Visitor: 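Questions regarding the structure given below will be posed in turn.
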Amino acid sequence: MEVIKSVYNSDIEILTSIQKLYLNNKQFDLDPCYSKGNFYKEEQCNFFTDNIITPKIKMDKNPQYPDVIQNNILNGIPLNDNSIESIIFDPPFMFGKHGKTDNNIMCKRFTMFDNWQQLANMYKKSLSEFYRILKKNGIIAFKCQDYTDSITTLTHHYVYIWAIEQGFYAEDIFILLSKNRIWNSLLKQKHARKFHSYWYVFCKTQKRKSKVN
């Protein structure tokens, strides 16, 4: 019997596990930050599945493919209330532009916000929209990562609080381990390098009321 674990080495293993546990192996309905869809490609890992998890609806601020709908999540999501059952959300996690950060490899590859408040506003706006468009008992697979740039921000902690305040219940959490991380080896290390990120499973339900002070 296959055991679904809480720790994996690839996004596709985690997303396929979420499919099995919470979606009865069905496709996800929406990815509002699809980008190039790289983590849907099975070549990225030694894990294979017959059930391709590419979502039914793909959106992105800057679409890379013709089947991806152009949409900035800060302007809302063009879907009706209570209309879908599942969402994959892999938003940007970096913030705090300074010096030469615009030329940083990671910044060029992913969006970087000017400051924490901009990132926090995007996360909270997104959670509000997800709650609106999800059907009762619908789920979000929400990826987030803690971030260190001089100081450490435990982003996953804030995401949990914002989701609970919005009305979601935290069904599960998975940890993604990374084999490689890019950093400036010339700098003196003052914090642990972040070699992991998180995938929350949030459910739109009042199954359990959680208090957050």
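Index from 1, following the sequence. All of these numbers come straight from a predicted model, not from anything done at the bench.
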Visitor: Kindly give the heavy-atom pair with the smallest separation between Ser35 and Asp60, and that separation in Å.
Guide: N-OD1, 2.8 Å

Visitor: Should Ile87 and Pro32 count as side-chain neighbours, where that means a heavy-atom distance under 4.5 Å?
Guide: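 They are in contact (side-chain heavy atoms under 4.5 Å apart), so the answer is yes.
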
Visitor: Flag the pair Thr155 / Tyr198 as yes when at least one side-chain heavy-atom distance between them is below 4.5 Å, and no otherwise.
Guide: no

Visitor: Other residues, nucleotides and ligands only: do more than 12 of their heavy atoms fall within 6.0 Å of CG on Asn24?
Guide: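 Count not over threshold, so no.
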
Visitor: Just one of Ile140, Asn82, Thr205 clears the side chain to side chain contact (heavy atoms under 4.5 Å, CB included) bar with Leu134, so which one?
Guide: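 Result for side chain to side chain contact (heavy atoms under 4.5 Å, CB included) with Leu134: Ile140.
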
Visitor: So, for Asn72 and Gln70, which heavy atoms are closest and what is the spacing to 0.1 Å?
Guide: N-NE2, 4.3 Å

Visitor: For the CZ atom of Phe130 and the CG atom of Leu30, what is their distance to the nearest 0.5 Å?
Guide: 7.0 Å

Visitor: Where is the tightest heavy-atom contact between Asn25 and Lys20, given as atom of each residue plus distance?
Guide: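 Smallest interatomic distance, heavy atoms only, reads OD1-CG, 3.0 Å.
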
Visitor: Under a 4.5 Å cut-off applied to non-hydrogen side-chain atoms, are Phe89 and Leu127 in contact?
Guide: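 Phe89 does not reach Leu127 side chain to side chain.
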
Visitor: How many angstroms lie between atom CG of Leu154 and atom CG of Asp146, to the nearest 0.5 angstrom?
Guide: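 It is 5.0 Å, given to the nearest 0.5 Å.
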
Visitor: Taking side chain as C-beta onward, heavy atoms only, is Met122 less than 4.5 Å from Leu74?
Guide: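 The answer is yes; the side chains approach within 4.5 Å.
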
Visitor: Supply the atom-to-atom distance Asn71 CG to Cys33 SG, rounded to the nearest 0.5 angstrom.
Guide: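 So the gap between those two atoms works out to 9.5 Å.
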
Visitor: What I'd like to find out is whether the side chain of Ile69 reaches to under 4.5 Å of the side chain of Tyr34, using heavy atoms alone.
Guide: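 Result no, sub-4.5 Å side-chain heavy-atom pair not found.
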
Visitor: Would you compute the distance between atom NE2 of His157 and atom SG of Cys144 and round it to the nearest 0.5 angstrom?
Guide: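 Going from NE2 on His157 over to SG on Cys144, the span is 12.0 Å.
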
Visitor: With a 4.5 Å heavy-atom cut-off, do Ile139 and Glu171 have their side chains touching?
Guide: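 No, every pair of side-chain atoms sits at 4.5 Å or beyond.
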
Visitor: Hey, does Ser86 have a side-chain heavy atom less than 4.5 Å from the side chain of Gln19?
Guide: no

Visitor: Are side-chain heavy atoms of Asp90 and Asp11 found at a separation under 4.5 Å?
Guide: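 The answer is no, as the side chains (C-beta and beyond) never meet within the 4.5 Å cut-off.
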
Visitor: One pair to check against side-chain contact (heavy atoms from CB on, under 4.5 Å): Lys135 and Asp29. What are the steps and the verdict?
Guide: CA-CA 11 Å; Lys135 297 178 181 178; Asp29 287 328; over 6 Å; no

Visitor: Between Trp162, Tyr131, Tyr200, which is the residue that forms a ring-ring contact (aromatic ring centres under 6.0 Å, His included) with Phe168?
Guide: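 Testing Phe168 for a ring-ring contact (aromatic ring centres under 6.0 Å, His included) against Trp162, Tyr131, Tyr200 leaves exactly one candidate, Tyr131.
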
Visitor: Could you please spell out the steps behind the side-chain contact (heavy atoms from CB on, under 4.5 Å) verdict for Val201 and Phe174?
Guide: CA-CA 8 Å; Val201 179; Phe174 292 80; 4.0 Å; yes

Visitor: Evaluate Ile73 against Glu129 for side-chain contact (heavy atoms from CB on, under 4.5 Å), listing each step before the verdict.
Guide: CA-CA 9 Å; Ile73 199 167; Glu129 278 293 278; 5.5 Å; no

Visitor: Give a yes or no on whether Phe202 and Ile175 share a hydrophobic cluster (residues Ile, Leu, Val, Met, Phe, Trp, Tyr; joining criterion: side-chain heavy atoms under 4.5 Å apart).
Guide: yes

Visitor: Looking only at heavy atoms, what is the nearest atom pair of Lys124 and Gln117, with distance?
Guide: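 Scanning both residues completely, I find the closest heavy atoms to be NZ-NE2, 4.5 Å.
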
Visitor: Drop me the distance from Phe28's CZ to Ile88's CD1, to the nearest 0.5 angstrom.
Guide: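 Between atom CZ of Phe28 and atom CD1 of Ile88 there are 4.5 Å.
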
Visitor: More than 12 foreign heavy atoms under 6.0 Å from CG of Asn80: is that the case here?
Guide: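 It does not: Asn80 CG has 12 such atoms or fewer within range.
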
Visitor: Working to the nearest 0.5 angstrom, can you tell me the gap between Ile173 CD1 and His156 NE2?
Guide: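 Rounded to the nearest 0.5 Å, the CD1-NE2 separation comes out at 6.0 Å.
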
Visitor: Is the shortest distance from a Lys or Arg side-chain nitrogen in Lys58 or Asp31 to a carboxylate oxygen in the other one below 4.0 Å?
Guide: no

Visitor: For Tyr158, does the OH atom have more than 12 heavy-atom neighbours from other residues, nucleotides or ligands under 6.0 Å away?
Guide: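 At most 12 heavy atoms, drawn from other residues, nucleotides or ligands, come within 6.0 Å of this atom.
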
Visitor: For Leu176 and Lys143, run side-chain contact (heavy atoms from CB on, under 4.5 Å): C-alpha distance rounded to whole Å, both residues' side-chain angles, the deciding distance at 0.1 Å, then the answer.
Guide: CA-CA 9 Å; Leu176 171 66; Lys143 187 179 182 182; 3.7 Å; yes

Visitor: Restricting to non-hydrogen atoms, name the atom on Tyr8 and the atom on Glu13 that form the minimum distance, rounded to 0.1 Å.
Guide: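 Reported closest heavy-atom pair: CD2-CB, 3.7 Å.
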
Visitor: How close do Ala141 and Trp199 get, heavy atom to heavy atom, and via which atoms?
Guide: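 Minimum heavy-atom separation between Ala141 and Trp199: O-CZ3, 3.3 Å.
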
